[in-house]
2 protein chains.
Amino acid sequence: MKYSNQERMLVAVDSIIIGFDGNEYKILLIQRGFAPEKEKWSLMGGFVQKNESLDDAASRILDQLTGLKNVYLEQLHSFGKPNRDPIERVIAVTYMALIDIQQYEQQINNDFHARWFPINQLPKLIFDHEEMIDMALMKLRYKATLHPVLFELLPDKFTIPQLITMYEGLFATEIDKRNFSRKILSSDLLIKENEKDKSSSKRGAFYFRLNRETYKKNFQRIHNFLPKN
Amino acid sequence: MKYSNQERMLVAVDSIIIGFDGNEYKILLIQRGFAPEKEKWSLMGGFVQKNESLDDAASRILDQLTGLKNVYLEQLHSFGKPNRDPIERVIAVTYMALIDIQQYEQQINNDFHARWFPINQLPKLIFDHEEMIDMALMKLRYKATLHPVLFELLPDKFTIPQLITMYEGLFATEIDKRNFSRKILSSDLLIKENEKDKSSSKRGAFYFRLNRETYKKNFQRIHNFLPKN
DNA sequence: CCAAAAGTGTTTGACTTACACCCATGC
DNA sequence: GCATGGGTGTAAGTCAAACACTTTTGG
């Protein structure tokens, strides 16, 4: 049995994959492999298959196009204007992925036709993908103001100055390192290592690791690492 | 031309319509008019048609099933487990609507087969609609912690004690009226009327109206009307 | 005049900011 | 020994919480 007299349509998943390379935020794009707009740059996307959920589709597509597994992946918003795809009606469910660029950079560049673009130097994109990216960045800024989600972008070991650069990049603001340190250290989210990163100063900055337990437990709590204005 | 070898599926919109009657939060449900699960209680839903966007579909369905127009309506989340509807594959995009119950109570009860249920006395619902409601309430709590969205639930004129009851109901907490008053009055969101509501005390409480300008302009700003714990 | 809700004022303490200053080290 | 980024300490200011108290008015 089926519902009668109803229009059936394709459902696609498109993922906005965001990374931070230590200086800038980047988005992973791919050259579309089929018509229309073949060879044009596009978000990572694909159609939802018969027996998979939306989340499963997002994970599968991410894996197929980039080899990425077990990354932070969150559903964002669904787009459904009737003519957003000129070929036929397609509903697009977007997901946002946050990944540590360094861990995957080689793999992605070598094995797949994907490329990282800085967020202020994006190429022209197909369909409504630019709108999707705008929405993802707005959401990320909003979420990062309140929750420590940006840690997903960092490697296992990172320094507080790196953290500061990351926050400053996303919010285009300057952060007082002394106050930031105090706040983040009092949050119980970081575990200090003995090792130092000497790549950007003579004295060296201590490495920290994320305390995954308190991170998960207190993720929904509102943290306030940013200055008010 | 069409994309080949892809599965097309139905796309539905389901709206969680939330109201507050002065004492409790309620959700508007309808008795489903067609099989399967005919006569069972369900969210307001329907299929997305050929030439309408998702937002348009949500507005149209809301209007058709309840007569409601121009209400607060926000896309929430999309649900797509393969067997969530036993008849055939259906992707459901959920929307949350917030309305002033009193303004529409008569209209809805008389003209449509819809009914308000208190959120802790919901009937058994079809498919995954309970999960959708849970998600909507979580989202509403989250949003109301940070933004003055609950004003959407109130009539044009309301008192501060009513506001307090509304916040207390959603967060199951007690609020100090003196501190709450000070915070909300200093927010610039309210315009004081000369009239008083004497229905719940001898002295009477002044009516206020929402300042729509500052409301819209500062909606995204973080307000903090709730106590910390 | 009293009960009961509305509303005002004040103290306390926690948290943020701003900023002076010290530390470590490669050159 | 000095320049440079990393990190600590502290005083001043701001804001929310707690709570005692006054106002209003129907019965």
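Bear in mind that the values here come from a model prediction, so they are computed numbers and not experimental data. A note on names: the letters A, B, ... follow the listed sequences, proteins ahead of strands, and every chain is numbered from 1.
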Quick one: [X] [atom1] to [N] [atom2], roughly how many Å, whole number?
X	N	atom1	atom2	result
B:I184	D:dA16	CD1	P	13 Å
B:F180	C:dA6	CZ	P	13 Å
B:N224	D:dT14	CG	P	18 Å
B:K228	C:dT16	NZ	C1'	11 Å
B:D176	C:dT10	CG	P	17 Å
A:L185	D:dG7	CG	P	9 Å
B:F206	D:dT23	CZ	C1'	11 Å
B:K192	C:dG7	NZ	C1'	9 Å

query = Where is the tightest heavy-atom contact between B:L210 and B:I191, given as atom of each residue plus distance?
reply =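 So the minimum-distance heavy-atom pair works out to O-CD1, 4.4 Å.
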task = List the steps and the verdict of ring pair (Phe, Tyr, Trp, His ring centres under 6.0 Å) for A:Y167 and A:F180.
result = CA-CA 10 Å; A:Y167 274 89; A:F180 184 87; 5.6 Å; yes
task = State yes or no: are the ring centers of A:F79 and A:F127 separated by less than 6.0 Å?
result =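 Here the rings of A:F127 and A:F79 have centres that are no less than 6.0 Å from each other.
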key: Side chain B:K177 and base C:dA6 donor-acceptor under 3.5 Å   =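 Side chain to base: pair present.
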task = Classify the side chain of A:R182 versus the base of D:dT10 as yes if they form a donor-acceptor pair under 3.5 Å and no if they do not.
result =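 When only heavy-atom distances are counted, A:R182 does reach the base of D:dT10 through a donor-acceptor pair under 3.5 Å.
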Whether the [X] and [Y] side chains hold a donor-acceptor pair (N or O, under 3.5 Å, no angle test) is what I'd like checked.
X	Y	answer
B:Y95	B:D55	yes
A:S53	A:D56	yes
A:E213	A:Y215	no

Of the listed nucleotides D:dA17, D:dC21, D:dG9, the one nearest the side chain of B:R178 =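 Looking only at side-chain atoms, B:R178 lies closest to D:dC21.
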task = Compute both the distance and the angle, then confirm whether A:K183 meets the cation-pi test with A:F225: under 6.0 Å from the six-membered ring centre, within 45 degrees of the axis.
result =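 No; the conditions do not both hold, so A:K183 does not lie above the ring face of A:F225.
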Would you tabulate the nitrogen or oxygen pairs shorter than 3.5 Å linking the protein to nucleotides 24-26 of chain D?
from	atom 1	to	atom 2	distance (Å)
D:dG26	OP1	B:K198	NZ	3.4

request  = Identify whether any heavy atom of B:T159 sits under 4.0 Å from a base atom; if not, whether one sits that close to sugar-phosphate; answer base, sugar-phosphate or nothing.
outcome  =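 The residue B:T159 makes no contact with any strand.
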